[in-house]
Every structure is written in C-alpha cells, then in structure tokens.
Amino acid sequence: MALLTPLLAFLYHLPQVYKWLLRPYYVASLFMSLAFLAVRKTPGVCEHLDTTREDGNSCDFDWREVEILMFLSAIVMMKNRRAITVEQHVGNIILFSKVANVILFFRLDIRMGLLYLTLCIVFLMTCKPPLYMGPEYIKYFSDKTIDDELNRDGRVTWIVEFFANWSPDCQSFASVYADLSLKYNCSGLKFGKVDIGRYGEVSKRYKVSTSPLSKQLPSLLLFQGGKEVMRRPQVDKKGRAVSWSFTEENIIREFNLNELYQRAKKMGKNKGDKVGPSQFPAVPEEDEELEQQQAQGDQGDQGDQGDNAESKKDK
C-alpha cells in the first residue's frame, strides 16, 4: 500500500506534470539515477565488472547490492509519506537514488565511484530544479520594503512566506502557496514572499533561521496591524522548528483563511472595492441575505423615526 499510494498519485497528476518532467533538469537526473542499473545490465559493459556472486555472473546484482536497493526503497517510502506535491515525490526518488548510486559505484570500483561523485557535484552546482512560474497574487519584498509594506495599512492582514531558492521544500511549496493566493487574495488579505537566503538581515529581524538543520524553511508568518500574530512551523524554546506539514488544508485551517477572507471582503466593500467573481470565491448567499435584511431593517428604523418626528410637529 505504501508503494501503491505514491504511484497512483503520480499517475493521476501525470497529464499536468509531464511537461516539467521533460525539462533538462529532470531528464539528466533520471539518467543519473539509473546509471548503476544501466552499467550493471548493459551487454558488453557488465561482462567486465567485478562481482561477488558465486556463479560469477557480473551482469546481475549480488546480494549486497540487492540489500542496498531494498534499503533505498524503504527510505524513499518513509520520506514520501510527508511529501505534499508530486515534485517532492519525484525529488525524493531522485535524491536517494543518487546516494545509492554513489555507494554502489564505490563498492564496485573506487574509480567509478569517484567519477560518479564528481558528476553529481558538478550537476548540483550547475543545474537547478525549475522554479514555479505559474499565476499568483503575491508581492515580493526586499529588506528595504517589507517593514514599510506591513505597516502601511493596519487594516490589511498579510501572510508572508520566508523562503530560500536553494531549499527543495520551498520550491515544492511554491505552487501550493500560489494557489492559496489566487483563492484568498483581496484588498484586506494579501500574500507576500521574501527571500531570506538573499536578504540575511530579514531572517535575523524576524528570527527565521536559514540553516538546513533548523527545518524552518519555508516559514509562514501572519501579520495584523504590522505585528506578527502567528507562524508555522512553530519554534520551541531551544530554537528548533516543530514538525508541520505545509498542505493546503493545514494552512487554511491553522490560519483560519476562510474567516479572514470574509472579513477582508467586507472591509473591501466598505471601501467601494470590487472583486471579480472569476478571481476569488463567491460570498455565500446566506451572508448576502443577512446583509440585505440588515439594510432593510436600518431603512425601516429610519422610516419610523421620520414618522415620529412628523407626528410631533402635528401636535
């Protein structure tokens, strides 16, 4: 079942992700992930490899290589339990496949291990995974603009993501955060991002660590009236981040986005702002009926007051 779930999720999203799977980064990563399998199974090459099998067959895996591959499968399944996007599933498979290849090549021949490790380092330094380039309603801050924007209007609620481009978790979360901004952004509820990998002073000011060991990337902070109200993941007294899953459902529930959105829309109506129905979710009909009833009640009260004033004049 642990293998079936990610496989079904991948097949379900395959029409949406096949384009970015064919990008050079993923194509090269796929070849590097299958490098040892190709060397071990390619006729004309595998015959010249050393083997510890009793039958002397160098074109098949020995028992130690099978153990390493089984251990790799277990690690990938454990990591993918917390993955929230297809990109994270694929990224975990690629990452741990490369690690297993390094071990297998060093065990087979130290020269092949050094060559493969060098290729992995060069690939890591020269090739970056493709960034999310889809639609979004997100404002990007710098170290000079974030404080001014958060304090510009105390009635506006801000949700700000602190991220770093080098972080795989931030890259995977980009599409989820963009989708939330498309659904909930309005005049009173806005979404922002700041690259603390680039602006180190911002990370110190808002106490978000950029260390990979801290597990604070990405971090979502909610600001109301220019002040921080809450953040996820939470940080304990020792400065360690409490484990938290950045799924869309968790964010909507923890940050109470539905209620924040309704309040922000009412504030926008008072200002006379118009929100397009194609951009944001429609307000429930029940709320509109309540507003109409309240408006009618106010008009009725004004009419009663006018009648009382006329009766007094007649007297």
Side-chain angles (χ1 to χ4, degrees), residues 2 5-6 9-10 12-13 16-17 20 75-96 128-141 146 157-185 189-198 202-203 206-224 228-236 239-261 281:
T5 301
F10 176 77
Y12 177 77
H13 292 91
Q16 304 174 10
V17 301
W20 60 261
I75 293 295
V76 169
M77 285 189 294
M78 291 176 61
K79 293 294 291 184
N80 279 344
R81 286 182 179 179
R82 299 183 59 185
I84 60 177
T85 62
V86 177
E87 290 91 337
Q88 283 183 313
H89 283 280
V90 175
N92 288 334
I93 294 173
I94 291 174
L95 173 62
F96 290 101
K128 301 295 182 182
L131 300 177
Y132 176 80
M133 300 298 291
E136 59 185 21
Y137 281 119
I138 298 174
K139 185 165 186 176
Y140 287 79
F141 299 126
I146 182 170
T157 298
W158 281 94
I159 298 178
V160 182
E161 178 195 355
F162 291 74
F163 75 103
N165 281 326
W166 52 261
S167 170
D169 292 334
C170 294
Q171 294 169 1
S172 300
F173 179 62
S175 59
V176 177
Y177 191 59
D179 187 55
L180 288 170
S181 72
L182 293 173
K183 293 179 180 178
Y184 291 98
N185 182 81
L189 177 60
K190 297 184 179 181
F191 292 76
K193 293 181 74 170
V194 57
D195 186 357
I196 59 176
R198 180 180 180 184
V202 177
S203 66
Y206 291 94
K207 300 179 180 179
V208 179
S209 175
T210 57
S211 171
L213 300 177
S214 68
K215 297 182 180 180
Q216 292 188 38
L217 293 176
S219 283
L220 282 183
L221 276 68
L222 178 68
F223 294 91
Q224 291 180 335
E228 178 187 339
V229 177
M230 65 176 294
R231 70 168 62 195
R232 291 293 183 274
Q234 293 177 311
V235 180
D236 59 20
R240 296 176 298 186
V242 180
S243 180
W244 194 71
S245 180
F246 280 87
T247 62
E248 185 171 327
E249 295 78 10
N250 281 351
I251 296 171
I252 293 173
R253 182 180 64 254
E254 291 289 322
F255 287 86
N256 204 6
L257 286 185
N258 290 320
E259 183 177 348
L260 287 176
Y261 178 73

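When the options Tyr137, Phe255, Tyr177, Tyr184 are evaluated for a ring pair (Phe, Tyr, Trp, His ring centres under 6.0 Å) with Phe191, the one that passes is Tyr177.
Atom CG of Leu222 is separated from atom CE of Met230 by 6.5 Å, given to the nearest 0.5 angstrom. Leu189 contributes atom CG, which lies 5.0 Å from atom CD1 of Ile159 (distance to the nearest 0.5 angstrom). Interatomic distance, CZ of Arg232 versus OG of Ser245, reported as 13.0 Å (0.5 Å rounding). Residue Ile252 holds its CD1 atom at 14.0 Å from CD of Glu259, rounded to the nearest 0.5 Å. Interatomic distance, CZ of Phe173 versus OG1 of Thr247, reported as 9.0 Å (0.5 Å rounding). If you take CD on Glu161 and CG on Leu221, they are separated by 10.5 Å, rounding to the nearest 0.5 Å.
Closest non-hydrogen pair, Asp169 versus Pro218, comes out as CB-CD, 4.0 Å. Across every non-hydrogen atom of Leu217 and Ala164, the tightest pair is CD1-CB, 3.9 Å. Counting all heavy atoms, side chain and backbone alike, Lys215 lies closest to Ala241 at O-CB, 3.4 Å. The shortest heavy-atom contact between Arg240 and Asp236 is N-OD1, 2.7 Å. Heavy-atom minimum distance, Tyr261 versus Asn185: CE1-O, 4.4 Å. Ala178 and Ile138 make their closest contact through CA-CD1, 4.1 Å (heavy atoms, listed as atom of the first residue, atom of the second, distance).
The backbone N or O of Ser209 sits less than 3.5 Å from a side-chain atom of Gln216, completing a donor-acceptor pair. Side-chain atoms of Gln171 come within 3.5 Å of backbone N or O of Asn165 as a donor-acceptor pair. Side chain of Ser214 to backbone of Ser211: a donor-acceptor contact under 3.5 angstrom is found.
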Report task. Just do the side-chain contact (heavy atoms from CB on, under 4.5 Å) check on Phe163 and Lys193 with the steps written out, would you? Result -> CA-CA 7 Å; Phe163 75 103; Lys193 293 181 74 170; 3.8 Å; yes

Query raised in the report: Does the side-chain contact (heavy atoms from CB on, under 4.5 Å) test come out yes or no for Arg231 and Val208, once each step is laid out?
Result: CA-CA 10 Å; Arg231 70 168 62 195; Val208 179; 3.6 Å; yes

Requested in this report: Starting from the C-alpha separation in whole Å, work towards a yes-or-no answer on side-chain contact (heavy atoms from CB on, under 4.5 Å) for Asp195 and Trp166.
Outcome: CA-CA 10 Å; Asp195 186 357; Trp166 52 261; over 6 Å; no

Report task. Mind running side-chain contact (heavy atoms from CB on, under 4.5 Å) on Asp179 and Glu248 for me, showing each step along the way? Result -> CA-CA 9 Å; Asp179 187 55; Glu248 185 171 327; 3.0 Å; yes

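Every residue meeting the ring-ring contact (aromatic ring centres under 6.0 Å, His included) condition with Phe141, not counting sequence neighbours, appears here in chain and number order: Trp158. Residues satisfying the ring-ring contact (aromatic ring centres under 6.0 Å, His included) criterion with Phe162, sequence neighbours excluded, are Tyr206.
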